[in-house]
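What follows is a set of notes on a single structure, which appears directly below.
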Amino acid sequence: MNMITTNFTVTEFVFLGLSSQPKMQLILFIMFLFFYLLTVVGNIIIITIIQIETRLQTPMYFFLTNLSFLDICYTSTDVPQMLSNMVGRKKTIPFPRCATQMYFSLSLGMTECVLLGVMAYDRYVAICHPLHYTVIMNQSTCVQLAGISWASSFLSSTVINVFTLSLPYCGPNVLDHFFCEVPSILRLACTDTSFTEMVVFVFTVAIVFIPFLLIVVSYARILLTVLRMRSASGRHKALSTCASHLTVVALFYGTGIFMYMRPQSKTSRAGGKIIAVFYTVITPMLNPLIYSLRNQDVKGAL
């Protein structure tokens with residue numbers, strides 16, 4: 001770590017946040033505090049229901065438990081800092097704390113991408129190979145898939161953050177964002193960031209795009225299987241179990257890919273902040289609502 005810190009002359013960053021207007025900041029504070037509390041409480045309820053209801057002790061809900069716990073951690077990494085900046089006079093963050101926030105935020109975001117891919121594979125096995133589902137998706141396999149999702153993402157985030165923090169930061173320290181994120185930090189580097197941006201892109205492809213392809217392939221096979229079903233009720237049941245997951249995938253992947261797989265020069269700062277709000281605040285908040293309102297098993301347990 002000492003080798004990295006030799007490139008630092010900036011000791012802290014100043015957040016510009018979402019708005020500079022005091023009245024608007026107060027409105028945003030109340031709104032995002034409500035969103036944050038709803039996210040935490042909603043996901044805790046989902047986790048509790050799954051643990052209590054024995055009929056929900058299946059691979060699909062094991063992964064949903066992981067997703068709910070992940071969303072609590074993910075939103076708690078960024079939102080408290082944003083809320084503090086909205087009401088506090090000092091809108092700064094020390095460099096080490098910024099680096100820590102950047103690491104965990106990216107790690108948890110990547111984990112969600114991989115986990116959503118695993119959940120799509122789980123639905124594929126359940127619908128396309130129902131007779132072998134319990135054999136293929138046994139407890140050991142589920143734990144291994146969840147472990148791979150977490151470990152691969154945290155390892156990839158480590159590489160990206162090492163490259164990002166190895167750049168010299170000797171000039172401006174005003175961060176046009178509401179939390180520390182790799183794209184916004186790279187803009188403040190005092191050198192050419194092309195190579196680091198390429199590293200970010202490569203790991204984004206590996207951790208984000210490959211699971212996305214798994215989702216596309218899984219649902220293509222699911223659709224073919226559903227179309228062959230003779231029973232209308234069977235088709236409806238199969239599609240209803242996928243509807244919640246597809247909604248979450250569209251929300252999270254749509255914004256995440258747009259943010260991390262575009263050249264930084266083509267991403268407007270205002271647009272980037274709005275996109276970041278969606279995958280750090282809105283999606284974790286909506287996940288419990290989506291799974292409770294569109295999932296018959298969870299609705300029944302409620």
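Predicted model, so just to flag it, every value in this text is computed and none were measured. Nothing fancy with the numbering, it's 1 onward along the sequence.
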| Taking the six-membered ring for Trp, are Phe252 and Tyr279 parallel (under 30°), tilted (30 to 60°) or perpendicular (over 60°)? | perpendicular
| Rounded distance [0.5 Å steps], CD in Gln81 versus CE in Met86 | 11.0 Å
| If every non-hydrogen atom of Asp71 is compared with every non-hydrogen atom of Thr39, which pair is closest and at what distance? | O-CG2, 4.3 Å
| task | Report yes if the side chains of Thr196 and Leu167 come closer than 4.5 Å at any heavy-atom pair, otherwise no. | result | yes
| query | Can you tell me if CZ on Phe62 sees more than 12 non-hydrogen neighbours from other groups inside 6.0 Å? | reply | yes
| Donor-acceptor pair, side chain of Thr283 and main chain of Phe278, under 3.5 angstrom | yes
| Between Thr141 and Asn138, does a side-chain hydrogen bond (donor to acceptor under 3.5 Å, both in side chains) hold up when you go through it step by step? | CA-CA 5 Å; Thr141 300; Asn138 56 60; 3.0 Å; yes
| task | Kindly assign one of parallel, tilted or perpendicular to the pair Phe13 and Phe95, based on the angle between their ring planes and the thresholds 30° and 60°. | result | tilted
| task | Return the orientation label for the Trp150 and Phe154 ring planes: parallel under 30°, perpendicular over 60°, tilted otherwise. | result | parallel
| field | Residues Glu197 and Thr193: side-chain donor-acceptor under 3.5 angstrom | value | yes
| message | Determine whether Cys142 and Gln139 satisfy the following criterion, side-chain contact (heavy atoms from CB on, under 4.5 Å), listing intermediate values before the conclusion. | response | CA-CA 5 Å; Cys142 291; Gln139 184 178 9; 5.7 Å; no
| Is there a side-chain contact between Arg187 and Asp176, using heavy atoms and a 4.5 Å cut-off? | no
| message | Let's go through Ile72 and Ile47 carefully: what are the C-alpha distance in whole Å and the side-chain angles of both, what is the deciding distance for side-chain contact (heavy atoms from CB on, under 4.5 Å) to 0.1 Å, and is it a yes or a no? | response | CA-CA 11 Å; Ile72 293 173; Ile47 294 171; 4.2 Å; yes
| remark: In short, Ala120 meets Ile222 closest at the heavy-atom pair O-CD1, 4.5 Å
| request: Mark yes or no for whether Ser184, through its side chain, and Glu181, through its backbone, hold a donor-acceptor pair below 3.5 Å. | output: yes
| Say you draw a straight line from CG of Leu33 to CG of Leu83; how long is it, rounded to the nearest 0.5 Å? | 6.0 Å
| Who else is in the cluster with Val217 when I, L, V, M, F, W and Y are joined by side-chain contacts under 4.5 Å? | none
| query | Which atom names give the shortest non-hydrogen contact between Gln57 and Glu53, and what distance separates them? | reply | NE2-O, 3.2 Å
| Flag, side chain of Gln101 to backbone of Thr77, donor-acceptor distance under 3.5 Å | yes
| request: Take atom CE of Met31 as the centre, draw a 6.0 Å sphere, and report whether it contains more than 12 heavy atoms from other residues, nucleotides or ligands. | output: yes
| field | Derivation and outcome, side-chain contact (heavy atoms from CB on, under 4.5 Å), residues Ile127 and Met229 | value | CA-CA 11 Å; Ile127 295 172; Met229 292 181 179; 4.1 Å; yes
| task | Report yes if some heavy atom in the side chain of Leu28 is under 4.5 Å from a heavy atom in the side chain of Met24; otherwise report no. | result | yes
| request: To the nearest 0.5 angstrom, please state how far the CD1 atom of Ile148 sits from the CG atom of Leu115. | output: 12.0 Å
| Between Ser105 and Asp78: side-chain donor-acceptor atoms closer than 3.5 Å | yes
| task | Determine whether the side chains of Tyr36 and Ser76 contain a donor N or O and an acceptor N or O closer than 3.5 Å. | result | yes
| So Phe15 and Phe179, ring-ring contact (aromatic ring centres under 6.0 Å, His included) or not? Walk me through it. | CA-CA 7 Å; Phe15 289 109; Phe179 75 101; 8.3 Å; no
| note | All heavy atoms of Pro211 vs all of Ala206, minimum pair found to be CD-O, 3.7 Å
| query | Taking all atoms of both residues into account, what is the closest heavy-atom pair of Ser149 and Ser152, and its distance? | reply | O-OG, 3.5 Å
| With side chains defined as the heavy atoms from C-beta onward, is the minimum distance between Ser194 and Asp192 less than 4.5 Å? | yes
| Ser157 (side chain) donor-acceptor with Tyr103 (main chain) under 3.5 angstrom | yes
| query | Going from CZ on Phe35 to CG on Leu286, what distance comes out if it is rounded to the nearest 0.5 angstrom? | reply | 8.5 Å
| message | If I take atom CG from residue Asp122 and atom CE from residue Met60, how far apart are they, to the nearest 0.5 angstrom? | response | 7.5 Å
| task | Assert yes or no for the condition that the ring centre distance of Tyr74 to Phe104 is strictly below 6.0 Å. | result | no
| Does the side chain of Met102 reach to within under 4.5 Å of the side chain of Val182, using non-hydrogen atoms? | yes
| Do the non-hydrogen side-chain atoms of Ile46 and Tyr61 ever get within less than 4.5 Å of each other? | no
| message | If you compare all heavy atoms of Tyr169 against all heavy atoms of Thr164, which two are closest, and at what distance to 0.1 Å? | response | OH-O, 2.8 Å
| query | Any side-chain heavy atom of Leu56 within less than 4.5 Å of one from Ile49? | reply | yes
| message | Side-chain heavy atoms nearer than 4.5 Å, only ILVMFWY residues, links allowed to pass through others: does that put Tyr219 and Leu223 together? | response | no
| message | Just verifying a value: how many Å separate Leu188 CG and His177 NE2, rounded to the nearest 0.5 Å? | response | 11.5 Å
| task | Evaluate the side-chain contact (heavy atoms from CB on, under 4.5 Å) criterion for residues Cys180 and Ile93: first the C-alpha distance (whole Å), next the side-chain angles of each, then the deciding distance (0.1 Å), finally the verdict. | result | CA-CA 9 Å; Cys180 293; Ile93 184 171; 4.0 Å; yes
| said: Would you say that Val118 contacts Phe63 through its side chain, given a criterion of any heavy-atom pair below 4.5 Å between the two side chains? | reply: yes
| field | Lys91 (side chain) donor-acceptor with Val14 (main chain) under 3.5 angstrom | value | no
| message | Taking Ile210 as the starting point, is it possible to reach Val159 by hopping between hydrophobic residues whose side chains are less than 4.5 Å apart? | response | no
| Transitively linked via ILVMFWY side-chain contacts under 4.5 Å: Leu155 with Phe209? | no
